[in-house]
Amino acid sequence: MRAKFWQTPLMQGVYLIVISLFFCKHALAQETFSDTPSTNKLAMGDLQEITVTATRTTRALKDVPESVSVVDSEQLQTRQAADIADVLRYVPNVDLGGGPRNIGLNPNIRGLGDARVLFLLDGARQDFRRGHNARIFIDPSLLKRVDIVRGPSSVVWGSGALGGVLSFTTRDATDLLRANERFGVKVRSGFQSMNEQYTPGLSMFGLLGDEFDYLLDFSYRHAADDIRHGDGSKLQHSGFSSYAGLAKLNWTPGFHQFTFSAQTFDQAGKVPSNAQSPSTTNTLVDRDTEQRNYTLRYRYQNPDNQWLNPELLLYHNTTHSLEKRLFDQRRDETNFSTTGVNLRNTSQMDINTHITQRLTYGVDYFHNQGKGRRNGATRPEFPRGDADVVGVFLQDEITLWKRLSLIPGVRWDYFRSQADGQAISANQNDRVNFKIGGLFEVTDWLSITASYNEAFRAPTLGELFTTGTHFTCGPGCANLFVPNPNLKPETAFNKEAGVRIHRANLLNSGDQLAIRAAYFHNQVKDFIDMMVTVAPFPVPGNPDRGGTTTSGNVRNAILEGFEIEANYAAKYGYAGFSYGQTRGRNQTLGGPLSNVQPDKWIVLAGLNWPTYDLSMGWRSSIVSAQNRIPAGGTATPGYTLHDLTLTWMPQNGTFKGIRLDFGIDNLTDKDYRRHLTVLRDPGRNYKLMASYQF
């Protein structure tokens, strides 16, 4: 018997949200509100964003020679982002592989993914890497913004940034407090239909005196059902439960600022051991994943002291994964930790009225440690190992006649990795990288850019030292891992040129137009590939049948393409589009590369009704077929997706403090598969989020 409409999970979620808001509203009926906050930002974001990721100094996005995009808090809330796929889905030349289970997602930037993209959380490196797993776990509701640097960035950030950098920044109390407030509470609850996912959360924040602020945030997600595809079928074993928390404290005595943050993430669910593949009886595991991030930051900012503007960051993060295989109760544990320190200073030098310089220099150090156990014993597939990396860098931001900006930089890194219990157990090397970027303002609204950036990636512990069994192939047959401690680092050499247009008050007072276009050519050398050889007879490294698996520097590659973004925003609406194209060539063997995303158009438009505190948005993703694949690869058909959003956030009156977001992803219920995954993505997804701040 078909359930009544009001008994469906969607309506039950709506009912719970409305009841929660009702009680919160009436429990604080005597609460008085302060001044009206500023007008709601447009769903497309602020065209005058600043970034600190590209240069490690505060710089307007339009003045950075490299290609950088920012997803701000308004965009995160409007999209009701459930994972990093929702965060990055509209950025040109960025795609997600491994999905749609969030525990298997891996971003790809300009054809480079996995360990070739550097993750930062509040400035701290996130280096966890395990085959077929995501590398960072965070609830987007904790985030204030995400900076995406497309292209090599090792001069600024060191090892790992061949494809680019994803920098996640969490909220502060001051991001939530309204004018003249000293304390606040925000409750929220949401629902997504694709897997019956419920998302309640709570934030508490405030000021103590004039120097101390704090934020405590807790969120919970429970996907009660498996992900539904566009054809009505479901992705078996994709449900989960997760908890995320954030505690952040700021103490600002005078020109000094001390910040401590602790971020936690826990997720549990029954998934295949390879979360990027369909589930089978003999691969299903009960997996618990825990990630902890701790940072302590010190800043000194005195506007009267141009020579001294230091920043010190200490951080420690851990990832723990426990898998219990259901059919035989085998127990696998994986532990990985990163401990690091970043110290830098910026000195401003005004030589004369026409020439200024801003020197940034410092040292970075981090230590990675990984180990694995199986049923309490050492697990060779994830050996115990350590890696140490230290880097020293110098960057000079030069401005000439307020029209020309030059940003040269140089960095030296030394890295050493070692593992326990192996005859050849160490790998060490060093690397010097250079960069130079330039931006010339032809007019007040037109600029041209050019840049050259080098980057490198040190081999990971798994690539260097993994032993044990990769897979079995019958009685007496097993493919074995063979370590390769002689791996060389991957290196990248990227050239880029672009044009920027920024106009204000173009058609109406207060409107903005931003256009950014860039061409890039990235040469990557000494690619590290996993080479699998299957043999029915003994081979070096395997005295029995089954062959070997090892990592090696096997190829060089060229990645080139272009991207364009155009956005227009006015009081009553916005519109825009973007296009990204990447082409990859294997220079060693010939032919295309396998991990290059297809061409993608994004078209968007929206309307704002300030009188009614309403905004509505529409986005279309037009993805081309990907037929440029190596021999034996699988092509991917093209597809088009349409998404809708609706936001109501009263600025005054009885309902001030309430925010309602409604959205529909994949409006036409398209059944499709992303190129970089073997699993199909979700079908139509109704989303609802309600919050109340008091």
Side-chain angles (χ1 to χ4, degrees), residues 45-70 92 147-153 155-156 165 301 303-307 309 344-361 393-411 433-454 494-507 509-521 562-569 576 578:
D46 184 358
L47 297 180
Q48 299 299 322
E49 285 280 8
I50 61 171
T51 181
V52 297
T53 305
T55 60
R56 292 178 75 163
T57 59
T58 302
R59 199 170 181 92
L61 208 61
K62 66 182 182 64
D63 296 332
V64 176
E66 293 81 11
S67 294
V68 184
S69 295
V70 173
D147 291 44
I148 303 102
V149 180
R150 299 188 293 276
S153 301
V155 172
V156 177
V165 180
Q301 294 176 311
D304 296 327
N305 190 336
Q306 295 186 326
W307 288 91
N309 183 22
R344 66 131 181 99
N345 183 55
T346 298
S347 300
Q348 181 77 31
M349 296 181 290
D350 297 330
I351 298 175
N352 54 48
T353 57
H354 302 298
I355 303 175
T356 63
Q357 284 183 282
R358 184 164 58 170
L359 281 172
T360 302
Y361 43 92
F393 66 94
L394 171 66
Q395 175 185 264
D396 191 4
E397 298 172 75
I398 307 167
T399 302
L400 305 173
W401 292 278
K402 299 182 180 180
R403 290 284 186 184
L404 177 62
S405 296
L406 297 174
I407 309 179
V410 61
R411 182 186 182 101
N433 291 291
F434 299 92
K435 80 164 190 176
I436 184 167
L439 185 145
F440 178 64
E441 295 184 15
V442 181
T443 68
D444 292 338
W445 53 269
L446 174 64
S447 302
I448 56 175
T449 65
S451 64
Y452 170 76
N453 282 276
E454 297 178 353
N494 186 66
K495 305 176 187 69
E496 190 163 331
V499 61
R500 314 272 175 86
I501 295 174
H502 288 83
R503 295 293 303 268
N505 305 316
L506 187 66
L507 301 177
S509 177
D511 69 357
Q512 296 182 61
L513 172 69
I515 301 175
R516 297 195 294 263
Y519 165 80
F520 63 91
H521 182 279
F562 65 92
E563 53 217 15
I564 182 171
E565 299 175 88
N567 293 301
Y568 173 78
S578 69

Revision key, fill the gap. Closest non-hydrogen atoms of L406 and G438, given as atom of the first, atom of the second and distance, are CD2-CA, 4.1 Å
Check your understanding: Should K435 and E454 count as an ion pair when the cut-off is N to O under 4.0 Å?
Key -> no
Practice item. Mark yes or no for whether Q512, through its side chain, and A569, through its backbone, hold a donor-acceptor pair below 3.5 Å. Key: no
**Study point:** Min side-chain heavy-atom separation T356-I351 under 4.5 Å
**Key:** no
Check your understanding: Are any of the side-chain heavy atoms of N494 and F520 separated by less than 4.5 Å?
Key -> yes
Point to revise | Any side-chain heavy-atom pair of L61 and V70 under 4.5 Å | key: yes
Check your understanding: Hey, does the side chain of D350 reach the backbone of N352 with a donor-acceptor pair shorter than 3.5 angstrom?
Key -> no
**Study point:** Donor-acceptor pair, side chain of Q395 and main chain of T55, under 3.5 angstrom
**Key:** yes
**Study point:** Distance-minimising heavy-atom pair for P92 and R150
**Key:** O-CD, 3.3 Å
Practice item. Could you tell me which non-hydrogen atom of L446 sits nearest to which non-hydrogen atom of T443, and how far apart they are? Key: N-OG1, 3.0 Å
Point to revise | Closest non-hydrogen atom pair between P65 and I407, with its separation | key: CD-CD1, 3.8 Å
Practice item. Before giving the answer on side-chain hydrogen bond (donor to acceptor under 3.5 Å, both in side chains), spell out for S67 and E496 the whole-Å C-alpha distance, their side-chain angles and the decisive distance to 0.1 Å. Key: CA-CA 9 Å; S67 294; E496 190 163 331; 2.4 Å; yes
Check your understanding: Got a second to check how far R411's CZ is from S153's OG, nearest 0.5 Å?
Key -> 11.0 Å
Review point. Which distance, rounded to the nearest 0.5 Å, do you find between the CH2 of W445 and the CG of L506?
Key: 10.0 Å
Exercise for review: State, to 0.1 Å, how close P152 and N453 come at their nearest heavy-atom pair, and which atoms those are.
Suggested key: O-CB, 3.5 Å
Exercise for review: List for me each residue that meets salt bridge (charged side-chain N to carboxylate O under 4.0 Å, His left out) alongside E66, sequence neighbours excluded, and say none if there are none.
Suggested key: none
Check your understanding: Is the backbone N or O of G576 less than 3.5 Å from a side-chain atom of N567, with the two atoms forming a donor-acceptor pair by type?
Key -> no
Check your understanding: With side chains defined as the heavy atoms from C-beta onward, is the minimum distance between F393 and R56 less than 4.5 Å?
Key -> yes
Review point. Looking at residues at least two apart in the chain, or sitting in another chain, which of them share a side-chain hydrogen bond (donor to acceptor under 3.5 Å, both in side chains) with R500?
Key: none
Review point. Are the side chain of S347 and the backbone of W307 linked by a donor-acceptor contact shorter than 3.5 Å?
Key: yes
Point to revise | Separation of Y568 OH from L507 CG (nearest 0.5 Å) | key: 4.0 Å
Review point. What are the two closest non-hydrogen atoms of L359 and L394, and how far apart are they?
Key: CD2-CD1, 3.9 Å
Check your understanding: Under the salt bridge (charged side-chain N to carboxylate O under 4.0 Å, His left out) test, which residues partner E441, sequence neighbours left out?
Key -> none
Point to revise | Set of side-chain hydrogen bond (donor to acceptor under 3.5 Å, both in side chains) partners for T51, sequence neighbours left out | key: D147
Check your understanding: Taking atom CD1 of I448 and atom CD1 of I501, what is their separation to the nearest 0.5 Å?
Key -> 12.0 Å
Check your understanding: Among all residues two or more places apart in sequence or in another chain, which pass the salt bridge (charged side-chain N to carboxylate O under 4.0 Å, His left out) test with R403?
Key -> D444
Point to revise | Spatial distance of atom CG (L404) from atom CZ (F440) [nearest 0.5 Å] | key: 7.0 Å
Check your understanding: Quick one: CD on E563 to OG on S578, what's the gap to the nearest 0.5 Å?
Key -> 9.0 Å
**Study point:** Check: N309 main-chain N/O paired with N345 side-chain donor or acceptor under 3.5 Å
**Key:** yes
Check your understanding: Quick one: does T360's side chain have a donor or acceptor within less than 3.5 Å of a partner on T346's backbone?
Key -> no
**Study point:** Partners meeting salt bridge (charged side-chain N to carboxylate O under 4.0 Å, His left out) with E397 (sequence neighbours left out)
**Key:** R59, R358
